[in-house]
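Chain letters run A, B, ... following the sequence lines, proteins first, then strands; residues in each count from 1. Basis for what follows: all heavy atoms, side chains included, without hydrogens, waters or symmetry-related copies.
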There are 2 protein chains.
Amino acid sequence: MKDIKHFLRQNSLRPTKQRVIIANYLFDGVNKHVTAETLSNKLLKMKAGISLATIYNTLHDFYEKGLLKKLMINSERIYFDTNTAHHHHFYSKKDQKLIDINVDMKVSGLPKPPKNKKINKIEVLVHLDN
Amino acid sequence: MKDIKHFLRQNSLRPTKQRVIIANYLFDGVNKHVTAETLSNKLLKMKAGISLATIYNTLHDFYEKGLLKKLMINSERIYFDTNTAHHHHFYSKKDQKLIDINVDMKVSGLPKPPKNKKINKIEVLVHLDN
DNA sequence: ATATCAGTTTAGAATCATTCTAATGTATTG
DNA sequence: CAATACATTAGAATGATTCTAAACTGATAT
Ligand SMILES: [Mn+2]
Ligand SMILES: [Mn+2]
Ligand SMILES: [Zn+2]
Ligand SMILES: [Zn+2]
């Protein structure tokens with residue numbers, strides 16, 4: 001994708017060297033679940049020496065532009081998901097790995113939310129044993 | 001409950017002063033969702049000066065005996081749930097509050113888990129807007 | 001009861017992910 | 001090429017949690 005710069009500009013983000021490298025990796029067409037740490041490791045392997053501060057800033061900036069979703073699965077790190085469509089996950093604690101569930105799932109028997117509250121979204125997390 | 005000491009002993013926990021106070025509060029019959037911080041604040045109001053280290057230890061010990069569940073909702077703190085039955089939650093980010101959903105809910109359309117993996121449990125989290 | 005010992009509590013230090021600070025660098029626009 | 005706004009960075013700060021190691025206490029045996 002050589003139009004990553006367009007893509008960033010369209011999202012009101014300056015296409016800096018670091019953002020281009022990170023966006024090229026994240027938005028290569030394969031959905032990913034990354035943490036600051038896993039992204040940093042990947043970038044190190046690609047010989048891209050991008051500071052952790054920038055990695056955090058960039059993940060945050062992409063999140064704020066709606067290019068990433070945040071997943072709160074695990075209290076010790078934040079996962080960012082390049083799949084921004086509404087979907088669910090398998091989670092293997094053992095492997096520390098998430099797998100998308102893109103199939104339509106339905107939740108039935110949901111009670112009414114408390115007074116004055118509206119349902120924003122329903123998240124299903126399927127914990128795997130093994 | 002004056003048999004909190006029995007209760008603790010039955011769960012291989014010495015009924016120390018601190019554990020009795022904490023267990024009396026947590027297991028008073030009303031299901032609760034606490035963090036180390038909210039529990040500490042509650043204990044302060046009850047004039048029970050229990051160190052944060054002990055609060056963390058005790059929550060952890062109760063968790064390990066199966067008296068509490070851990071909920072990973074929010075990356076900045078761990079919630080402990082006195083309702084150890086399988087159930088789901090409403091979550092208001094704004095209020096930082098959890099509400100139990102004890103009704104039977106059914107999730108349909110779930111795909112098969114990946115090879116060699118078994119489903120442990122399904123957790124539904126209903127995010128509230130407001 | 002008292003002694004003994006394993007288990008518990010505690011203050012404070014350490015850890016670790018994340019955020020902040022403030023100095024330096026760079027993309028954009030004219 | 002300025003000028004300026006925005007971005008990157010190293011390192012400090014933060015805050016929840018865990019660890020350490022010394023003092024304390026509940027359980028058990030004399
Ligand atoms: Mn930011
Ligand atoms: Mn412990
Ligand atoms: Zn996903
Ligand atoms: Zn609950």
Report task. Please work out which of the three classes, parallel, tilted or perpendicular, describes the rings of Tyr91(B) and Tyr79(B), given edges at 30° and 60°. Result -> perpendicular

Report task. Compute whether any side-chain donor of one residue and acceptor of the other, for Glu123(A) and His88(A), lie under 3.5 angstrom apart. Result -> no

Query raised in the report: Does Gln18(A) put a side-chain nitrogen or oxygen below 4.0 Å from OP1 or OP2 of dT26(C)?
Result: no

Query - Under the side chain to side chain contact (heavy atoms under 4.5 Å, CB included) test, residues paired with Lys115(B) that sit two or more places apart - result: none

Query - Spacing of His60(B) atom NE2 relative to dT9(C) atom C1', expressed in whole Å - result: 17 Å

Requested in this report: Round to a whole Å and report the spacing from CG of Leu8(A) to P of dT28(C).
Outcome: 10 Å

Query raised in the report: Starting at OH of Tyr79(A) and ending at P of dT18(C), how long is that distance when rounded to a whole Å?
Result: 10 Å

Requested in this report: Please figure out whether Ala53(B) or Thr16(A) has its closest DNA chain D nucleotide nearer the 5' end.
Outcome: Thr16(A)

Query raised in the report: Separation of Asn74(B) atom CG from dT18(C) atom P, in whole Å?
Result: 13 Å

Report summary line: Rounded to whole Å, CZ of Arg77(B) lies from P of dA17(C) at a distance of 19 Å

Query - Integer-rounded Å distance: dT19(C) C1' and Leu52(A) CG - result: 12 Å

**Report entry** Asn57(A) CG to dT24(C) C1', straight-line distance once rounded to whole Å
**Finding:** 15 Å

Report summary line: Across all chains, not counting sequence neighbours, the ring pair (Phe, Tyr, Trp, His ring centres under 6.0 Å) partners of His87(A) are His89(A)

Query raised in the report: Taking the inter-plane angle between the rings of His60(B) and Tyr63(B) on a 0 to 90° scale, is it parallel (under 30°), tilted (30 to 60°) or perpendicular (over 60°)?
Result: tilted

Requested in this report: Report the C-alpha distance between Phe7(B) and Leu67(B) in whole Å, list the side-chain angles of each, state the deciding distance to 0.1 Å, and finish with yes or no for side chain to side chain contact (heavy atoms under 4.5 Å, CB included).
Outcome: CA-CA 10 Å; Phe7(B) 172 75; Leu67(B) 307 178; 3.8 Å; yes

Requested in this report: Remember a base hit wins even if backbone is also touched, and classify Thr54(A) as base, sugar-phosphate or nothing at under 4.0 Å, heavy atoms.
Outcome: base

**Report entry** Rounded distance in Å - CZ (Arg19(B)) to C1' (dT10(C))
**Finding:** 14 Å

Report summary line: Comparing Thr35(B) with Arg9(B), nearest DNA chain D nucleotide closer to 5' gives the residue Thr35(B)

Requested in this report: With DNA chain C as reference, determine whether Glu76(A) or Ile55(B) sits nearer its 5' end, using the nearest nucleotide of each.
Outcome: Ile55(B)

Query raised in the report: Regarding His33(B) and Asp100(B), is there a side-chain donor-to-acceptor distance under 3.5 Å anywhere?
Result: yes

Query raised in the report: What is the nucleic acid contact for Arg14(A), judged by heavy atoms within less than 4.0 Å: base, sugar-phosphate only, or nothing?
Result: base

Query raised in the report: Taking any atom under 4.0 angstrom from a heavy atom of chain A, which nucleotides of DNA chain D are the first and last to qualify, 5' to 3'?
Result: dA5(D) to dA10(D)

